[in-house]
Visitor: 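Can you read through this structure? Questions will come right after.
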Amino acid sequence: MRIFSASLALLLVSGCGKPDNAVLAEAEKDAAAQAANEGLIECAINGDTDFSKGCQSERLAGENGVTLIVRHPDGGFRRFNILTDGRGLEAADGSERAQVEIVEEDKILVSVGSDKYLMPARMKSPATADAANPTDGSAPQAGN
């Protein structure tokens with residue numbers, strides 16, 4: 001029975017047309033490039049002035065919100081809390097504060113110490129940001 005099953009499988013495979021290896025190779029190359037680029041951000045580490053797309057970003061959801069971890073090519077990393085009040089990010093640990101600057105419509109520059117990161121960002125509309133940060137001195141209610 002095993003010989004019959006193997007023979008049947010071989011017959012079925014040989015009956016199909018051969019795949020175009022060039023097309024398959026191109027598709028594999030495109031998929032590998034896309035997978036490699038997902039999560040990569042531009043960074044300039046340790047005071048470097050030239051940005052390269054060498055830092056890997058990863059989002060982790062937890063009880064206290066979403067944390068963004070940025071891994072450096074040299075093995076170092078930084079952790080950021082993603083804020084929902086329109087301010088963007090804040091350093092999750094360490095004594096240095098994160099400075100956030102809008103550099104393009106959909107990109108921010110985050111600087112912490114001697115490290116800089118160019119990150120994609122979704123900007124809140126002014127009305128949404130105002131609702132998250134009331135100016136009358138009242139604090140937003142928990143759970144909202």
Side-chain angles (χ1 to χ4, degrees), residues 2 5-6 8-144:
R2 287 185 189 167
S5 296
L8 181 61
L10 183 60
L11 181 63
L12 289 173
V13 170
S14 64
C16 298
K18 288 186 177 183
D20 185 346
N21 288 337
V23 172
L24 285 175
E26 187 66 28
E28 288 175 356
K29 180 178 145 190
D30 290 345
Q34 181 179 356
N37 284 329
E38 288 181 13
L40 288 179
I41 61 170
E42 293 180 68
C43 58
I45 306 302
N46 297 322
D48 196 356
T49 57
D50 295 327
F51 283 83
S52 67
K53 202 162 192 168
C55 288
Q56 181 72 35
S57 66
E58 174 184 3
R59 290 175 175 241
L60 299 174
E63 291 178 12
N64 298 326
V66 179
T67 300
L68 176 70
I69 300 173
V70 178
R71 300 185 189 284
H72 301 169
D74 65 2
F77 66 93
R78 293 250 187 212
R79 292 182 336 123
F80 299 95
N81 294 323
I82 297 177
L83 306 174
T84 58
D85 62 1
R87 293 182 292 146
L89 303 170
E90 70 179 359
D93 43 26
S95 61
E96 297 174 297
R97 294 189 58 184
Q99 302 294 323
V100 180
E101 177 184 341
I102 298 171
V103 292
E104 292 179 22
E105 184 176 311
D106 59 349
K107 196 175 281 191
I108 58 174
L109 173 65
V110 179
S111 303
V112 180
S114 61
D115 300 333
K116 296 181 180 176
Y117 311 94
L118 282 172
M119 299 183 186
R122 286 183 296 221
M123 306 301 170
K124 284 189 169 190
S125 68
T128 307
D130 289 344
N133 293 314
T135 56
D136 63 2
S138 64
Q141 296 295 317
N144 288 343

Visitor: If I take atom NZ from residue Lys107 and atom CD from residue Glu42, how far apart are they, to the nearest 0.5 angstrom?
Guide: 5.0 Å
Visitor: Rounded to the nearest 0.5 Å, how far does CZ of Arg78 lie from CG of Leu68?
Guide: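 Leu68 atom CG to Arg78 atom CZ measures 12.5 Å (nearest 0.5 Å).
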Visitor: Can Leu89 and Leu83 be said to form a side-chain contact (heavy atoms from CB on, under 4.5 Å), step by step?
Guide: CA-CA 5 Å; Leu89 303 170; Leu83 306 174; 5.8 Å; no
Visitor: Which pairs with one or both residues in residues 38-76 pass ring-ring contact (aromatic ring centres under 6.0 Å, His included), sequence neighbours excluded?
Guide: His72-Tyr117
Visitor: Take Asp74 and Asn46, measure what side-chain contact (heavy atoms from CB on, under 4.5 Å) needs, and give me the verdict at the end.
Guide: CA-CA 10 Å; Asp74 65 2; Asn46 297 322; 3.6 Å; yes
Visitor: So which heavy atom on Ala98 is nearest to which on Ala91, and how close?
Guide: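 That would be CB-N, 3.8 Å.
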Visitor: Does atom CG of Leu60 have more than 12 heavy-atom neighbours from other groups under 6.0 Å away?
Guide: yes
Visitor: Hey, does Ile41 have a side-chain heavy atom less than 4.5 Å from the side chain of Pro120?
Guide: yes
Visitor: Quick one, Phe80 and Met119 - any side-chain contact, counting heavy atoms below 4.5 Å?
Guide: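 Counting from C-beta outward, Phe80 and Met119 do come under 4.5 Å.
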Visitor: Looking at OG1 of Thr67 and CD of Glu58, how far apart are the two atoms once the value is rounded to the nearest 0.5 Å?
Guide: 10.5 Å
Visitor: Quick check for you: to the nearest 0.5 Å, what is the distance between Leu118 atom CG and Leu109 atom CG?
Guide: 5.5 Å
Visitor: Has Ser57 got a side-chain atom pairing as donor or acceptor with Gly39's backbone, closer than 3.5 angstrom?
Guide: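 Pair found, side chain donor or acceptor close to backbone of Gly39.
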Visitor: Looking at every heavy atom in both Pro73 and Gly54, which two are closest together, and how far apart are they?
Guide: CG-O, 3.3 Å
Visitor: Side chains of Gln56 and Leu40: closer than 4.5 Å at any heavy-atom pair?
Guide: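 A side-chain contact exists here, since the closest heavy-atom pair is under 4.5 Å.
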